[in-house]
Chemist: 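Below are the structure tokens for one structure; questions will follow.
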Number of protein chains: 2
Amino acid sequence: MPTEIIMDFEIKKRDAAGRICSLKTKSGKITTPNLMPVINPNRFLISPTEMKDKFGTEIIITNSYIIKKDEKLARDALKKGIHSLIDFNGPIMTDSGTFQSYVYGDIKLDPIEIVKFQRDIGSDIGTILDLFGTPDQSKTQAEKTMNETILRAKKSIEIKGDMALACTIQGSIYPDLRKKCAEEMSKIDSDFFPIGGVVPLMENQRYTDLIRSIISSKKGLDPSKPVHLFGAGHPMIFPLAVALGCDLFDSSAYAKYADDDRLIFCWGTEKLSDLNELPCSCPICSKYTAYELKKLEKKQRRLEIARHNLYVSFEELKKIRNAIINGSLWELVERRASSNPYLLESFKVLRIKENKDFLEKFEPISKNKALFYTGKNTIHRPIVNRVHNRLNKRYKANFDLTVIFPEGRKPYFSNYFEKIKKIFEKKNVNILIDSSIGPVPVELDQMYPFSQSVFPNYTDRETEDYISSIFEEFIKGKNVICWKGNKTLKEIEKSDDEKIDFDILMIEKIADMQFGRNAGRILTSGRIKIVKSKKTNKIRNVYLNEKHILSMRAGDGMFTLKDEGGKILHKKLRFPRLRVVIKEDAISFVKDGKSVFSKFVKDSDPDLRPYDECLIVDEKDNLISVGRCLMNRDEMLSFNYGMAVKNR
Amino acid sequence: MPTEIIMDFEIKKRDAAGRICSLKTKSGKITTPNLMPVINPNRFLISPTEMKDKFGTEIIITNSYIIKKDEKLARDALKKGIHSLIDFNGPIMTDSGTFQSYVYGDIKLDPIEIVKFQRDIGSDIGTILDLFGTPDQSKTQAEKTMNETILRAKKSIEIKGDMALACTIQGSIYPDLRKKCAEEMSKIDSDFFPIGGVVPLMENQRYTDLIRSIISSKKGLDPSKPVHLFGAGHPMIFPLAVALGCDLFDSSAYAKYADDDRLIFCWGTEKLSDLNELPCSCPICSKYTAYELKKLEKKQRRLEIARHNLYVSFEELKKIRNAIINGSLWELVERRASSNPYLLESFKVLRIKENKDFLEKFEPISKNKALFYTGKNTIHRPIVNRVHNRLNKRYKANFDLTVIFPEGRKPYFSNYFEKIKKIFEKKNVNILIDSSIGPVPVELDQMYPFSQSVFPNYTDRETEDYISSIFEEFIKGKNVICWKGNKTLKEIEKSDDEKIDFDILMIEKIADMQFGRNAGRILTSGRIKIVKSKKTNKIRNVYLNEKHILSMRAGDGMFTLKDEGGKILHKKLRFPRLRVVIKEDAISFVKDGKSVFSKFVKDSDPDLRPYDECLIVDEKDNLISVGRCLMNRDEMLSFNYGMAVKNR
């Protein structure tokens with residue numbers, strides 16, 4: 001590793017598989033997700049200074065091939081450096097000419113020379129000269145160009161010097177090739193991963209292939225490096241791409257569309273001639289009426305439309321970053337999908353179990369905002385997939401009889417309180433709500449997202465069918481009856497179920513869902529004392545044999561694991577369950593209460609998810625502290641920067 | 001009718017049941033749909049001058065009750081007039097105190113005095129003191145308050161003078177009461193119809209009841225008067241309300257939400273504290289960062305947020321008006337619905353056949369933009385309902401055998417050309433495409449919206465089930481086989497169908513769909529000459545016995561009826577089919593080629609829809625000209641202003 005850091009990448013906030021990161025380059029730090037406007041080195045439509053001042057542009061991209069082939073530009077760039085040539089002192093990424101060779105056919109360019117040139121002009125992020133994998137390639141062709149791309153990357157790495165090197169993922173529309181290319185590129189010292197070859201997919205609205213390409217690339221990629229969706233400049237796909245784990249976009253679209261008198265909007269593109277009024281409040285659209293804009297002379301009009309296009313593009317990124325912070329990125333993604341029938345259709349890729357399981361690894365345990373139903377895709381979100389997975393793997397019904405209640409007002413427990421009380425006066429049974437989100441055992445109803453979700457009374461047939469199948473699977477083999485008032489009460493009298501305290505049942509089952517099977521029983525074996533909120537009468541703190549083991553968060557209805565609870569779980573749950581193993585040299589810091597940075601993580605439980613409670617242990621499995629994960633295992637093991645576990 | 005015009009209302013453009021209108025008042029002309037910001041006469045948060053200059057506000061609303069109960073304000077208003085008091089020289093609407101009595105209980109106010117007061121201070125549009133029908137009223141209560149409201153309206157009319165009078169529609173959540181109230185109010189000399197009592201529905205997200213209230217009111221209302229959704233200030237519901245026929249909104253929301261540090265967006269409302277960045281490009285959000293806005297002192301912050309709220313509200317209206325012009329209002333409405341689960345659920349009201357049939361009356365025959373699928377509501381749009389209705393009522397299969405082809409690329413005819421040619425070499429049969437939009441006879445495939453629609457390969461289960469049922473109904477009793485290549489060709493050989501020319505079949509069937517059953521046969525009985533475009537090889541002009549009867553529009557694949565075609569249809573189709581009967585005094589103008597204004601329409605065919613071709617006749621059914629309707633029958637008979645039929 002060079003002494004000078006050529007790139008740092010650190011997660012600050014997260015939602016879906018998206019993330020807000022701090023990306024440090026030689027020329028400064030930026031926040032992702034972000035957009036790199038394309039600057040034509042021959043002539044600036046909008047100057048880099050205006051980019052910075054008016055649009056908050058933090059990073060730009062320009063083309064080293066165009067600079068290199070122009071003798072004067074090349075000489076100037078080598079002499080003064082790219083930052084001076086472009087007059088931008090922030091981070092600059094350079095492209096290599098791959099796209100030009102795709103568009104104009106074979107151009108004479110040596111793959112190593114162009115990387116050296118990028119290095120020598122002082123590019124912050126240079127790009128290998130990869131081979132553009134077109135969607136019409138056969139698999140054999142695609143594999144061949146992919147292999148050549150990997151070979152070039154390996155050679156380029158050797159001469160990258162202090163430049164961060166972007167190694168583009170190719171593989172055409174073949175998911176296994178994309179994944180393989182990503183794995184190979186992750187093995188070498190790449191700093192940055194563009195996903196390439198996607199422009200024709202976007203141009204032809206082949207969003208299904210686009211999503212497949214992104215997901216399969218992500219499956220193979222080192223999660224600790226920035227991912228750039230190369231050539232994606234239309235904000236319509238930003239939310240989805242970010243939710244799948246893309247961090248950067250580049251846009252020449254703002255200028256290209258402006259050439260053609262087309263205005264970019266988050267729902268698509270509109271021709272100026274089709275607009276009677278400007279449906280936007282950006283400074284450009286606030287300055288002109290549609291009529292005035294149409295009347296401007298071509299050059300000025302093009303400039304003003306390009307500005308509008310940039311305002312809208314950066315606005316969408318602000319919406320995305322806000323959504324990540326609020327935990328509502330999937331809502332934004334699904335809302336945007338209804339703008340375009342092909343984009344909407346492409347969501348079928350996100351309904352495939354394998355993809356849902358992959359995305360679930362990155363999904364936070366709970367969010368600041370409730371889960372909102374937007375249509376038939378909502379039920380396939382990774383967080384819903386997780387609760388179904390955890391119900392199947394971690395939840396165990398304690399009683400012989402299960403009584404099913406229909407969906408009602410939330411929270412279910414208090415809504416059904418009178419009926420449930422009657423049941424509990426007779427016998428204890430499992431009570432299961434047949435909800436829009438799936439089966440909800442009533443003792444879990446305060447957990448995110450069961451209570452914290454907003455579904456209409458009637459959703460849609462696909463959601464209902466899907467949930468029915470989940471429900472059927474969940475109750476299979478159980479002794480089940482449906483609630484029918486007094487008639488049901490009589491049936492319950494016949495059951496043999498033992499009576500237990502509802503609060504204890506709740507603690508046990510929530511703990512199982514959070515910490516895994518049997519964790520609940522372990523945490524409730526002994527003298528339990530429960531402290532409730534005087535105001536809401538909800539559980540606040542749990543003591544076992546006088547020791548404070550758990551406290552419940554009001555927001556998501558989940559437990560925070562206290563030291564004493566951690567000790568018990570550590571003793572009873574076998575390694576590696578809930579463990580994050582840290583390296584020797586971090587132990588004393590963690591003992592002092594400091595958090596765990598990812599580079600000190602040796603290993604961890606693969607079932608841990610962002611914001612899960614965890615046990616921090618040393619390599620001999622001695623418990624050092626309890627904490628809350630900020631990453632999943634793959635991330636902990638790959639990130640060089642950032643916090644992996646927040647120490648309590 | 002008074003000599004001075006107190007209100008003119010004229011349709012300029014239309015889409016869905018929405019309309020862009022010019023609304024003329026004593027104090028000037030405005031365009032609807034529009035928003036009336038609420039001005040507090042005691043203290044301006046944003047001055048009416050700024051409203052006009054910065055936000056393009058054309059009309060405002062203020063409260064006459066608040067003015068009247070303040071001695072000084074009342075004296076000033078009576079002396080200087082409301083326009084001078086408020087310092088706004090455009091149209092001013094005044095509210096009467098109804099909402100205050102709903103919120104604060106019984107306030108002492110004489111229903112006639114407050115109307116007189118509004119008249120005397122020079123209000124352009126004054127409002128009766130209606131009784132607020134709350135959603136929790138029993139039907140008996142609701143009927144009582146509704147009757148009292150109607151009584152008050154009748155009394156108020158007598159003393160309105162030269163003020164336009166807004167007669168509010170009440171009736172709580174009971175559709176039949178709403179409709180009855182609307183009918184009664186339409187019988188008297190009302191100028192303007194607020195739909196009242198809806199604020200609690202919006203506050204409690206009871207959008208299903210809201211839509212029902214709007215539609216049932218509209219069913220009873222004189223379509224020629226402006227409709228105001230009283231108290232609706234959140235842009236989230238503007239698109240839907242406009243699509244159902246609302247023309248005006250009033251907003252105190254911009255100020256109320258600002259009080260509470262909440263920012264309005266088209267997808268809902270966000271607390272400033274929840275925003276890390278301002279996800280908007282309006283002049284306010286371009287001026288401040290979220291941090292800076294949070295740090296402003298309360299008064300200034302409130303003002304700036306109120307400004308943002310107005311920018312966003314007016315921006316949504318621009319989007320709506322653009323969508324009306326482009327014919328994409330339903331797309332906008334459906335896109336917005338995914339912002340809110342309750343709003344989405346409320347669309348069930350729009351899937352009820354009776355409501356679809358009502359909305360279909362207002363729906364233009366074709367649009368500038370293709371129909372885009374956005375989800376399960378698309379198939380229930382009025383225009384889809386219309387093509388299904390017309391297929392059932394107007395389309396008649398000529399052949400004994402129907403061959404069903406699966407959905408393929410569009411246009412179907414050219415996509416299936418090779419196969420169809422093979423069929424036609426053998427025999428003529430009916431060819432039916434089992435498309436996402438329903439059954440499409442191949443000869444109709446160029447007609448809007450069959451070719452001009454974008455559906456994904458797979459839609460959703462509800463759409464598929466619905467379309468299956470439409471399809472089944474359509475082929476019931478027909479001799480049907482599915483296309484299976486050569487096997488099908490052999491079966492076709494056995495059929496007895498007569499051979500006819502495909503171009504003639506196409507002309508006949510499109511004419512039937514446009515002009516009604518048998519119109520096609522009438523227009524093709526004789527020597528037909530067809531002139532096709534050299535470029536596209538599509539039919540351009542049709543001659544019958546050397547006379548030019550039809551020309552086909554490239555955009556929507558429908559016919560323009562020529563004079564000679566009109567003469568033939570007039571002779572063969574019985575009154576009132578396709579007729580618009582005009583009054584005596586308009587005849588000479590129409591003969592001179594002038595268009596027909598609605599006030600000269602005596603009657604018309606109830607089956608005519610906006611943009612349908614029609615026959616202009618006198619009261620004795622003498623044909624005067626052919627033209628294109630701009631209105632449906634109800635509109636023609638009620639509008640005092642605007643064009644009813646465009647003369648060719």
Side-chain angles (χ1 to χ4, degrees), chain A residues 13 20 54 265 267 270 274-286 290 308 311-312 314-326 331-332 334-346 348 368-369 372-376 378 454-462 465, chain B residues 13 20 54 265 267 270 274-286 290 308 311-312 314-326 331-332 334-346 348 368-369 372-376 378 454-462 465:
Chain A
K13 300 272 174 189
I20 293 179
K54 280 217 192 119
F265 294 98
W267 66 85
E270 305 274 356
D274 283 348
L275 296 175
N276 202 49
E277 299 182 75
L278 300 174
C280 170
S281 302
C282 83
I284 303 305
C285 297
S286 299
H308 157 88
Y311 276 118
V312 167
F314 281 107
E315 180 182 323
E316 190 67 2
L317 284 160
K318 289 178 196 164
K319 286 183 185 152
I320 291 169
R321 291 190 298 254
N322 268 328
I324 291 177
I325 290 173
N326 288 328
E331 270 89 11
L332 180 63
E334 292 170 9
R335 267 199 333 254
R336 287 293 181 262
S338 59
S339 312
N340 184 298
Y342 304 115
L343 188 59
L344 190 59
E345 189 181 26
S346 71
K348 66 184 179 205
N368 292 337
K369 289 212 172 178
F372 274 73
Y373 170 84
T374 73
K376 68 173 182 176
T378 302
V454 182
F455 279 72
N457 289 322
Y458 175 73
T459 54
D460 62 272
R461 216 166 293 169
E462 270 138 317
D465 288 356
Chain B
K13 299 273 174 191
I20 294 181
K54 280 218 192 117
F265 294 99
W267 66 84
E270 304 275 357
D274 284 347
L275 297 174
N276 201 49
E277 299 181 76
L278 299 174
C280 169
S281 302
C282 83
I284 302 306
C285 296
S286 300
H308 158 88
Y311 275 118
V312 167
F314 281 108
E315 180 182 323
E316 190 67 1
L317 284 161
K318 288 177 196 165
K319 286 182 185 152
I320 291 169
R321 290 189 299 252
N322 269 327
I324 291 176
I325 289 173
N326 289 327
E331 269 90 9
L332 180 63
E334 291 170 11
R335 266 196 339 251
R336 289 292 181 261
S338 59
S339 312
N340 184 299
Y342 303 115
L343 188 59
L344 190 59
E345 189 180 26
S346 71
K348 66 184 179 205
N368 292 337
K369 290 211 171 178
F372 274 72
Y373 170 84
T374 73
K376 68 174 181 176
T378 302
V454 183
F455 279 71
N457 288 323
Y458 175 72
T459 54
D460 62 272
R461 215 163 296 167
E462 270 137 316
D465 288 356

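So that the names make sense, note that chain A is the first sequence line, chain B the second, and so on, each numbered from 1.
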Chemist: Against chain B, label A:Ser346 side chain, backbone, both or neither, depending on which of its atoms sit under 4.5 Å from a heavy atom there.
Modeler: neither

Chemist: Looking at B:Tyr342 and A:Phe455, what are the two nearest heavy atoms and their distance?
Modeler: CE2-O, 4.5 Å

Chemist: With a 4.0 Å cut-off on N to O distance, would you call A:Glu270 and B:Lys319 a salt bridge?
Modeler: no

Chemist: Which region of B:Glu316, side chain (C-beta onward) or backbone (N, CA, C, O), has a non-hydrogen atom less than 4.5 Å from a non-hydrogen atom of chain A, or is it both or neither?
Modeler: neither

Chemist: For the residue pair B:Pro341 and A:Phe372, what are the closest heavy atoms and their distance?
Modeler: CD-CD2, 3.3 Å

Chemist: Please state whether the side chain, the backbone, both or neither of A:Leu343 comes within less than 4.5 Å of a heavy atom of chain B.
Modeler: neither

Chemist: Of the backbone (N, CA, C, O) and the side chain (C-beta and beyond), which part of B:Ser286 lies under 4.5 Å from a heavy atom of chain A, both, or neither?
Modeler: side chain

Chemist: Shorter than 4.5 Å, heavy atoms on both sides: which option in A:Ile325, A:Thr459, A:Val312, A:Val454 has the most such pairs with chain B?
Modeler: A:Val454

Chemist: Checking B:Leu278 against chain A: side chain, backbone, both or neither under 4.5 Å from a heavy atom?
Modeler: backbone

Chemist: Where is the tightest heavy-atom contact between B:Arg461 and A:Glu462, given as atom of each residue plus distance?
Modeler: N-OE1, 3.2 Å

Chemist: Would you check if the side chain of A:Asn322 reaches a backbone N or O of B:Leu275 as a donor-acceptor pair within less than 3.5 Å?
Modeler: no

Chemist: I need the A:Cys285 SG to B:Lys318 NZ distance, nearest 0.5 Å.
Modeler: 8.0 Å

Chemist: I need the minimum non-hydrogen distance between B:Ser281 and A:Glu315, along with the two atoms involved.
Modeler: OG-OE1, 2.5 Å

Chemist: Quick one: what part of A:Leu344 sits under 4.5 Å from any heavy atom of chain B, side chain, backbone, both or neither?
Modeler: side chain

Chemist: Report the option among A:Tyr311, A:Phe314, A:Tyr458 that has the most heavy-atom pairs separated by less than 4.5 Å from atoms of chain B.
Modeler: A:Tyr458

Chemist: Would you call B:Glu345 and A:Asn457 a side-chain contact if the rule is heavy atoms closer than 4.5 Å?
Modeler: yes

Chemist: Given heavy-atom pairs under 4.5 angstrom as the criterion, report whether the side chain, backbone, both or neither of A:Lys369 touches chain B.
Modeler: side chain

Chemist: Do you know which of A:Asn368, A:Asp465, A:Asn340 has the most heavy-atom pairs under 4.5 Å to chain B?
Modeler: A:Asp465

Chemist: Name the region of A:Asn326, side chain, backbone, both or neither, that has any atom closer than 4.5 Å to a heavy atom of chain B.
Modeler: side chain

Chemist: Side-chain contact test, heavy atoms from C-beta onward, threshold under 4.5 Å: evaluate it for B:Ser338 versus A:Glu334 and give yes or no.
Modeler: no

Chemist: Are side-chain heavy atoms of B:Asp460 and A:Asp460 found at a separation under 4.5 Å?
Modeler: no

